[in-house]
Protein chains: 2
Amino acid sequence: MSDELMTIRQMCDAFEVTPRTLRFYEARELIFPERRGQHRLYDRRDRARLTLILRGKRFGFSLEEIRQLLELYEPGGANKAQIAAAISVGRQRLADMERQYAELSEAIVDLKSQLSEAEIRLSAASRETITG
Amino acid sequence: MSDELMTIRQMCDAFEVTPRTLRFYEARELIFPERRGQHRLYDRRDRARLTLILRGKRFGFSLEEIRQLLELYEPGGANKAQIAAAISVGRQRLADMERQYAELSEAIVDLKSQLSEAEIRLSAASRETITG
DNA sequence: CGTCTCGCTTACGTTCGCGTCAACTTGGCC
DNA sequence: GGCCAAGTTGACGCGAACGTAAGCGAGACG
């Protein structure tokens, strides 16, 4: 399968990021593409990690927070302490996300209400323009 | 009522921000405390705006995006074009938030699943330690 | 009166997450 | 061999959102 390994360009096109971004994430130890000679090659695992990175960013987590969280998604033979640490980080992030989820729900209701009021004001203003 | 107007220090304590932050928001025209002599005084309207600002930040919006959105919460005699513009911005933010809401829901399910698996790995590792 | 605290302004410093640019290798093609 | 495209490694730059420090009133207190 040609979709097993991808070049940096293919990755950039697929995920809408720049090469600089991918190298930056690698420097921060968020992804670990293998090297064929000098070039980087990204496999399915790298793509899965990148998906999680971009998702995490959208929720406002820092790259460092995301890096820690990514360990949770690595079944690699980590020892007890490492797994426990990853679980701890994961629980913290989960709590953050659930708080954010609840707050977002409120904020959406609130914003919808404000939009309704504004639409009423707008139609009132329009009527004034017409009948004024 | 003494809670009608608040000093910068009271605001900082109430909202857990620094004076620098409040002055910065003012410089970016997100809040408009009145001046008694040289000092700033914040009223209920300022507090409401600050609440929305901090909320917006938690959802990953920039201060500029928040500033535009705040106009939606201002019933002040804005003209038709301004109201329409605010509504447009508001709809965009609403769409952003609803997307984020849906994605967050998925991410939470995902993370919970990973946590479960990790906990299984942890207990397996513990048993190895004991019986090893 | 001195000094303390609170707040003000001005201005430079910092961190994060990349963008941008220069200079170098490498592989393919003619 | 010559040349281009794609990729690489530094190194510096930049905007956002503040932090921090310097220096200046102005009121309160003993």
Side-chain angles (χ1 to χ4, degrees), chain A residues 2-43 46-47 49-70 89 93 96 100, chain B residues 2-43 46-47 49-70 89 93 96 100:
Chain A
S2 72
D3 64 354
E4 176 61 23
L5 290 176
M6 289 171 62
T7 72
I8 198 168
R9 191 96 296 284
Q10 291 173 320
M11 287 291 282
C12 292
D13 293 345
F15 289 90
E16 299 195 318
V17 295
T18 68
R20 179 71 180 90
T21 300
L22 292 180
R23 294 187 200 111
F24 185 76
Y25 291 167
E26 184 178 346
R28 295 303 186 83
E29 304 190 350
L30 290 157
I31 41 180
F32 312 95
E34 51 173 296
R35 290 299 185 97
R36 196 85 85 202
Q38 199 64 325
H39 293 16
R40 293 168 170 83
L41 286 176
Y42 301 83
D43 61 11
D46 295 316
R47 293 194 287 273
R49 292 177 73 91
L50 184 53
T51 299
L52 290 169
I53 293 166
L54 299 178
R55 170 186 287 178
K57 284 199 49 183
R58 264 172 262 135
F59 300 148
F61 296 124
S62 72
L63 293 184
E64 174 55 22
E65 288 172 323
I66 294 168
R67 192 190 61 75
Q68 293 175 28
L69 187 55
L70 279 173
V89 171
R93 292 294 156 271
D96 292 347
Q100 193 173 357
Chain B
S2 72
D3 64 354
E4 176 61 23
L5 291 177
M6 290 171 60
T7 72
I8 199 168
R9 190 97 294 285
Q10 291 173 320
M11 287 292 282
C12 291
D13 292 346
F15 289 91
E16 300 195 316
V17 295
T18 68
R20 179 73 180 90
T21 299
L22 292 180
R23 294 187 200 112
F24 184 76
Y25 291 167
E26 184 179 347
R28 294 303 187 82
E29 305 190 348
L30 289 158
I31 41 180
F32 312 95
E34 53 174 294
R35 292 297 184 98
R36 195 85 82 203
Q38 198 64 325
H39 292 16
R40 291 168 172 83
L41 286 176
Y42 300 84
D43 62 11
D46 295 316
R47 293 194 287 274
R49 291 175 74 91
L50 183 53
T51 298
L52 289 170
I53 293 166
L54 299 178
R55 168 185 287 178
K57 283 199 52 181
R58 263 171 264 134
F59 300 149
F61 295 125
S62 74
L63 293 184
E64 175 55 22
E65 288 172 323
I66 294 169
R67 192 190 62 74
Q68 293 176 27
L69 186 55
L70 279 172
V89 171
R93 293 294 157 268
D96 293 345
Q100 194 172 359

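Worth knowing before you read on, the calculation uses all heavy atoms, side chains too, and leaves out hydrogens, waters and symmetry mates. Here is how names work: the chains are called A, B, and so on, in the same order as the sequence lines, proteins then strands, and each is numbered from 1.
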Scoring nucleotides 7-20 of chain C by protein non-hydrogen atoms under 4.0 Å (B base, S sugar-phosphate only, - none) yields SSB-B-----BBBB
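Evaluation of the salt bridge (Lys or Arg N to Asp or Glu O under 4.0 Å) test over residues 50-60 of chain A, restricted to residues two or more places apart or in two chains, returns A:Arg55-B:Asp110, A:Arg58-B:Glu103.
Not counting sequence neighbours, the partners of A:Gln100 by the side chain to side chain contact (heavy atoms under 4.5 Å, CB included) test are A:Phe59, B:Phe59, B:Gln100, B:Leu104. The side chain to side chain contact (heavy atoms under 4.5 Å, CB included) test applied to B:Asp13 returns B:Arg9, not counting sequence neighbours. Listed by chain and number, the residues in a salt bridge (Lys or Arg N to Asp or Glu O under 4.0 Å) with B:Glu64 are B:Arg67 (sequence neighbours excluded). Listed by chain and number, the residues in a salt bridge (Lys or Arg N to Asp or Glu O under 4.0 Å) with A:Arg49 are A:Glu74 (sequence neighbours excluded). Taking B:Asp43 as the reference, nothing meets the salt bridge (Lys or Arg N to Asp or Glu O under 4.0 Å) condition, with sequence neighbours excluded.
Boundaries of the chain B contact region on DNA chain D are D:dA17 to D:dT20, first to last in 5' to 3' order (nucleotide atom under 4.0 Å from a heavy atom).
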For residues 19-28 of chain A, tabulate all N or O donor-acceptor pairs below 3.5 Å that involve a side-chain atom, not counting sequence neighbours.
residue: A:Thr21; atom: OG1; partner: A:Thr18; partner atom: OG1; Å: 2.9
residue: A:Glu26; atom: OE1; partner: A:Arg40; partner atom: NE; Å: 2.5

